[in-house]
**Student:** 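Next up is a structure, given as structure tokens.
Order of the sequence lines sets the chain letters (A, B, ...), proteins ahead of strands, with each chain counted from 1. Both backbone and side-chain heavy atoms feed into the values below; hydrogens, waters and symmetry mates do not.
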Amino acid sequence: MSRFGEVDDQYDPHALEQRVFDYWDDVDAYEQTVEHRSDGESFFFVDGPPYTSGSAHMGTTWNKTLKDVYLRFFRMQGYDVTDRPGYDMHGLPIETRVEEQLGFENKKDIEEYGEENFIEACKEYAEEQLEGLQEDFQDFGVWMDWSDPYKTVRPEYMEAAWWGFSKAAERGLVEKGHRSISQCPRCETAIANNEVEYEDVEDPSVYVKFDLADREGSIVIWTTTPWTIPANTFVAVDEEGDYVGVRAEKDGEEELLYVAEAKHEEVLKEGRYEDYEIVEELTGEELIGWSYDHPLAEEVPDHPDHEGAGEVYAADYVDTGGDGTGLVHSAPGHGEEDFERGRELGFPIFCPVGSDGVYTDEAGKYEGQFVKEADDEIIADLEDNGALLASGTVHHSYGHCWRCDTGIIQIVTDQWFITITDVKDELLENIEDSEWHPDWARDNRFRDFVEEAPDWNVSRQRYWGIPLPVWTPEGRDDDEDRIVIGDREELAERVDQDVDPDEVDLHKDTVDDLTITEDGTTYTRVPDVFDVWLDSSVASWGTLDFPEDDSKFEELWPADFILEAHDQTRGWFWSQLGMGTAALGEIPYEEVLMHGHALMPDGRAMSKSKDILIDPHEAIDRHGRDVMRLFLLSNNPQGDDMRFSWDGMQTMEDHLRTLWNVFRFPLPYMRLDDFDPQETTLEDVDGDLELIDEWVLARLQSTKAEMTEHFEDRRQDKAVDALIEFVVEDVSRFYVQAVRERMWEEEDSASKEAAYATIYRVLRETVALLAPYAPFITDEIYGTLTGDAEHDTVHMCDWPEIEEYWVDEQLEEDVAFLRAIEEAGANARQQAGRKLRWPVPRVVVAADDDRVAEAVERHTDLLAERLNAREIELVSAEDRWEELQYSAEADMSELGPAFGDRAGQVMNALNEARIDEPDLDLLEEAVSDVLEEGESIEESMVSFVTETPADIAGTAFGLNGDDRGVAYVDASLTEDIESEGYAREVIRRVQEMRKDLELDVEERIALDLEIDDDRVADLVAEREDLIREEVRADELRAVEDDDGHRKEWDVDGVTMEIAVEPLAAAEASD
RNA sequence: GGGCCGGUAGCUCAAUUAGGUUGAGCGCCACUCUGAUAAGGUGGAGGUUCUCGGUUCAAAUCCGAGCCGGCCCA
């Protein structure tokens, strides 16, 4: 790019971004940037792999954009950053998508289609989706190593999972177990508890009487899953709970029922009993050992009737005050807690339900029925048996399969586990080795989750996943004798078949056929695949292609930084901790930045399936990539959700437009004067810098300091707020306003050079500071500013450092005061009805303290210029202006203790009081009505506030909400002031006409001026020279209408006719 | 049902760490200014600080109960 070249008048994000994309391509900007940092200290970032189904949504976009801003920041700080993106490509979600596409309904369809074909179809689907995501992420301007993402379906990655699992096995943390698990009957596989999604559904709600065997009456249980009653093995009570025996009457018959004391009224109401009487009070302990008859004994002949079955036991999962009856139907073949308690009691586990949710022959009369569909028949049978106390329905949340939305069932099956409960203490200790932003996420939420985490069921009875690398002896189904393979080399060595470790694909269709024969025993592979969460859990070494490639593991592992949304506490934050600890005894990441979710503008969660979403592509279409990124990044990244807002997007576009305008403002002048920032540096013009230059440079230093601090706190949102404030408030609204006249100067001047050098430095550093956020606009600005003198891209720049030389806190504060005074002065001017164009003879600044007075004294000229005042008069804190009146402002922290509940009343009286002197006695007198005997107003309770006199306009100014003084504008008129005022009115109108004619700034004109009012005409004539200079009028003469532009103006009731004629180009040049 | 986070102007958020007359930006309305500006300036409207109760002279802030939203767990 050529330095100071022509740029677009308007900030046009789409055209600009397209240019920058092309430019990046041309100069290999990303590759150069990576290379530029290759000698830096290494920084190991690990990308939490997005799942390859569907396109990028706003949440993914926010996540990747956050990653991008931090990676760019770390690069600018000199680090050699590992930025390999990843994709999570296995698992049930993809299987169900492919099943849908192929029109499959269950596993049998897959078997018919062929495992190999199905796996191939899944792979194709995942790769297709991956391409879409890759394109999206690149389109968002995210710089990661898109040429070489890690993919969980590649052999070297699958091997990383095998390796981790085998390490855990070596530590004795792998076992095959008979467990109660959540099963999706459609997918016919176990699913993890954290894959269960809860939805409100209508289910049966039945109260069942279990007839007591050795005594009169029955115990009453409640369940919403009648289909589990065939497997009832025992009833649980709370040992310490209170229970009652109730003699209840219905339809003339009497029954003795046992329920929890707290629930008896509710239960009897459900059963529509007409009358009842408590006849017995007993504790849970007394119920223990009672035996009862299975309510479906005839229908299910194989029902549990072993030693100890059909009796009452204590269990800690019973709550006599909760739902139900205080007596809990327990079926160890189904419920997780029931299962645990059943095992404690040494019971055999009875589960008459297959993996497809259909009753087996053990279920007797119900054999062959899908469990949920058998509910009605079971309820009817219970009724026939006289066991049904009440039957209805209940609305409650029930678990569903996260992929296919089928209601899950709890059954007991054989699964493989990583027994992380054996290393729970180690997990909790390892948490301490990680730093989290925000910290409560680690110490509350994550710790709670880890403390309660059960063993990790890693096996799935599916196809599209990493096969378990476990071989067991043919025909045996325990884990006593097993072989766990750690990598492809080992596989090739030990299997009976000929396998090339470099070529072998590790998917199920390949490895299922491999056998191992050792010591005369033949081993076959366990047919399961891994839970897909295990895939990404090994990302910290999978990213490095370890164990295949061990060149970087030692140096880089564990990860320095990971960044994901809060749903990953149960997901990736957890799975990595579990796997890292099981395999290596360490947490695989050192720092976590946990962000929230992207919500709709109205606060609802976004949902693709319900079509409630904001598409990032639409956001880009409307405002461009930089704006979208800036908006996303201006949200708190720590734990809080982000509400999307089109207003917020528009605001960011406004800010970028302001930056664009600030940037392009000095370009024509610099170009005209051949300004060369390499030859004329800030240091060279140091002696010519004006106060305002030094001020903006000081502000630049504190902005850098503030930003760096916020970045280090992982609050990039606060960092960018500080930068935007600097650009918009300080540079655009103040500095540029102040230096315009210097840049307009036609002659070469030291002052102009100083301004060039200053704004150049400000812009040059600003684009570096903004580069991680808005990589497109900053690169174009950078290119235009630097030409060939620096890097090819702004993203190779170092993060700007604070230059102590330019730091000046006093100056910053001085100007903050001046700006406050200026603002107050502008306000006062408006009250007095005097435009800024018209000079005022005098502005009086009444300072409340010496600090303000110092600031005014030091910068009187600047203040006079900004307020267009002939004179600034300072009234110091000790002096006072006798024309003023005073009122008092109350300090509630003093008033409260002194006046108690009358403090508010006293405050109001003080606020309303008007006195001539700021004197406590006068004040006390003014508020005497609300004071009681012996009370007084103390100095500490009030501060006096000046009240504006009628003839002069005054406005208070302050800093950070504290009043520090008042600016009074004396708006009286003199002939001299009127002369300048009217002259400025003329100038302004001529300028507008020049603009209408689209005259070049340099172009010379002839001016024709006729003013109706003689007095005004004379006043204007006094300032003829000023007018001619300002509007570049070489001639004052009559202008023919057809040669120029003529217009009649009304200036405060005075009619002025102005005509402008551009002079020939030859005459215009000097 | 439990845990965590949040609820303050139309919108996005500050002020909650140590209780003391609720603020900013954006948007809106009016006026104004304009030789970088689809800009800028000044003013205005806009608040039961989610609700109820408690502590206190005084609560957005502390305590209790509840409501709403989000995430997690069951």
**Student:** Could you measure the distance from the CG atom of A:Asp203 to the OH atom of A:Tyr398? Nearest 0.5 Å is fine.
**Tutor:**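 Going from CG on A:Asp203 over to OH on A:Tyr398, the span is 7.0 Å.
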
**Student:** Between protein and nucleic acid, restricted to nucleotides 12-18 of chain B and to nitrogen or oxygen atoms under 3.5 Å apart, what atom pairs and distances do you find?
**Tutor:**
unit_1 : atom_1 : unit_2   : atom_2 : d
B:U12  : OP1    : A:Arg643 : NE     : 3.3
B:U12  : OP1    : A:Arg643 : NH1    : 2.8

**Student:** What interatomic distance, in whole Å, is found between P of B:G20 and the corresponding atom of B:G27?
**Tutor:**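 32 Å, rounded to whole Å.
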
**Student:** According to ring pair (Phe, Tyr, Trp, His ring centres under 6.0 Å), who are the partners of A:Trp646, at least two apart in sequence or on a separate chain?
**Tutor:**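 If we apply the ring pair (Phe, Tyr, Trp, His ring centres under 6.0 Å) test to A:Trp646, skipping adjacent residues, the hits are A:Phe644.
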
**Student:** Pick base, sugar-phosphate or nothing for A:Arg989, based on heavy-atom distances below 4.0 Å to the nucleic acid.
**Tutor:**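 It contacts nothing in the nucleic acid.
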
**Student:** Report, one pair per line, the protein and nucleotides 27-32 of chain B atoms (nitrogen or oxygen only) whose separation is under 3.5 Å.
**Tutor:**
none

**Student:** Please determine if a side-chain N or O atom of A:Tyr317 lies less than 4.0 Å away from the OP1 or OP2 oxygen of B:A74.
**Tutor:**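 Negative; the distance criterion is not met.
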
**Student:** Scan every strand shown for a Watson-Crick or G-U wobble partner of B:G44, both distances under 3.5 Å, and answer none if you come up empty.
**Tutor:**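 B:C28 - that is the nucleotide pairing with B:G44, both distances being under 3.5 Å.
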
**Student:** Taking a pair as Watson-Crick or G-U wobble with both distances under 3.5 Å, which nucleotide is matched to B:A58?
**Tutor:**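 Here B:A58 is not engaged in any pair, so there is no nucleotide opposite it.
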
**Student:** Taking side-chain contact (heavy atoms from CB on, under 4.5 Å) as the definition, give me every residue that meets it alongside A:Glu337, ordered by chain and number, with sequence neighbours left out.
**Tutor:**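 A:Tyr317.
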
**Student:** Is A:Glu985 salt-bridged to A:Arg988, going by a charged N under 4.0 Å from an acidic O?
**Tutor:**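 No salt bridge links A:Glu985 with A:Arg988.
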
**Student:** Residues in ring pair (Phe, Tyr, Trp, His ring centres under 6.0 Å) with A:Phe726, at least two apart?
**Tutor:**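 Once residues adjacent in sequence are excluded, A:Phe726 has no partner under the ring pair (Phe, Tyr, Trp, His ring centres under 6.0 Å) criterion.
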
**Student:** If you go through the side-chain atoms of A:Gln10, does one of them form a donor-acceptor pair with the base of B:U37 closer than 3.5 Å?
**Tutor:**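 No, the side chain and the base share no sub-3.5 Å donor-acceptor pair.
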
**Student:** Please name all residues satisfying side-chain hydrogen bond (donor to acceptor under 3.5 Å, both in side chains) with A:Trp660, sequence neighbours left out, ordered by chain then number.
**Tutor:**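 Testing A:Trp660 for side-chain hydrogen bond (donor to acceptor under 3.5 Å, both in side chains), a comparison that skips the adjacent residues, returns none.
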
**Student:** Apply ring pair (Phe, Tyr, Trp, His ring centres under 6.0 Å) to A:Phe675 and list each qualifying residue two or more places apart in sequence or on a separate chain.
**Tutor:**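 A:Phe675 satisfies ring pair (Phe, Tyr, Trp, His ring centres under 6.0 Å) with A:Tyr756 only.
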
**Student:** Let me know, please, whether A:Pro454 or A:Val728 comes out on the 5' side of the other along RNA chain B by nearest nucleotide.
**Tutor:**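 The answer here is A:Val728.
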
**Student:** At less than 3.5 Å, do the side-chain atoms of A:Arg445 and the base atoms of B:C71 form a donor-acceptor pair?
**Tutor:**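 Result: at least one qualifying N/O pair found.
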
**Student:** Would you say A:Arg570 reaches B:C71's phosphate, i.e. side-chain N/O to OP1/OP2 under 4.0 Å?
**Tutor:**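 So the side-chain polar atoms of A:Arg570 never come under 4.0 Å of the phosphate oxygens OP1 or OP2 of B:C71.
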
**Student:** Taking only distance into account, with no hydrogens and no angle test, what donor-acceptor pairs under 3.5 Å do side-chain atoms of residues 441-449 of chain A form with protein atoms, sequence neighbours excluded?
**Tutor:**
unit_1   : atom_1 : unit_2   : atom_2 : d
A:Arg442 : NH1    : A:Glu432 : O      : 3.4
A:Arg442 : NH1    : A:Ser434 : O      : 2.6
A:Arg447 : NH2    : A:Glu432 : OE2    : 2.4

**Student:** Under 4.0 Å between a side-chain N/O of A:Arg733 and OP1 or OP2 of B:G40, yes or no?
**Tutor:**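 So the side-chain polar atoms of A:Arg733 do come within 4.0 Å of the phosphate oxygens OP1 or OP2 of B:G40, strictly under.
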
**Student:** If the condition is ring pair (Phe, Tyr, Trp, His ring centres under 6.0 Å), which residues does A:His597 pass it with, not counting sequence neighbours?
**Tutor:**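 Applying ring pair (Phe, Tyr, Trp, His ring centres under 6.0 Å) to A:His597 gives A:His566.
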
